[in-house]
Amino acid sequence: MKMLSKLLTCLLTITVFANTITFVLGIFYFFDFETFGMWLMELVVIFILTYAKANVDCYVDQYESQENRTRRSNK
């Protein structure tokens, strides 16, 4: 799960970079509705990746805290 969290972080970073590039290109070079639609789709992907990463991180934290409680009770 920690590897999945790192992968989601990497994907989120790449998506934010691509979103920024699309936004800059859309404003300065060729503003059309196709580029604007692509930018909006990238925003949706960013929100979905952020939600998935938050859920995975929460799951990892719960698993680690449960594992720590189990170790303490076994001692």
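Keep in mind it's a predicted model, so treat the numbers as computed, not measured. In what follows, residues are counted from 1 in the order of the sequence shown.
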Between [X] and [Y], is there shared hydrophobic-cluster membership here, with clusters defined by ILVMFWY side-chain heavy atoms closer than 4.5 Å?
{"X": "V24", "Y": "L40", "answer": "yes"}
{"X": "I21", "Y": "F28", "answer": "yes"}
{"X": "V56", "Y": "Y59", "answer": "yes"}
{"X": "L43", "Y": "L25", "answer": "yes"}
{"X": "M38", "Y": "V16", "answer": "no"}

How many angstroms lie between atom [atom1] of [X] and atom [atom2] of [Y], to the nearest 0.5 angstrom?
{"X": "F23", "Y": "F36", "atom1": "CZ", "atom2": "CZ", "value": "9.0 Å"}
{"X": "T15", "Y": "N19", "atom1": "OG1", "atom2": "CG", "value": "8.5 Å"}
{"X": "M3", "Y": "K6", "atom1": "CE", "atom2": "NZ", "value": "8.0 Å"}
{"X": "I46", "Y": "L11", "atom1": "CD1", "atom2": "CG", "value": "11.5 Å"}
{"X": "W39", "Y": "I27", "atom1": "CH2", "atom2": "CD1", "value": "8.0 Å"}
{"X": "D57", "Y": "Q62", "atom1": "CG", "atom2": "CD", "value": "11.5 Å"}

Passing candidate, side chain to side chain contact (heavy atoms under 4.5 Å, CB included) with L12, options L7, T50, I48: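 Looking at L7, T50, I48, the match for L12 under the side chain to side chain contact (heavy atoms under 4.5 Å, CB included) is T50.
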
Are T22 and E42 close enough, and set up right, to give a side-chain hydrogen bond (donor to acceptor under 3.5 Å, both in side chains), and what steps lead you there? CA-CA 9 Å; T22 304; E42 288 174 357; 3.2 Å; yes

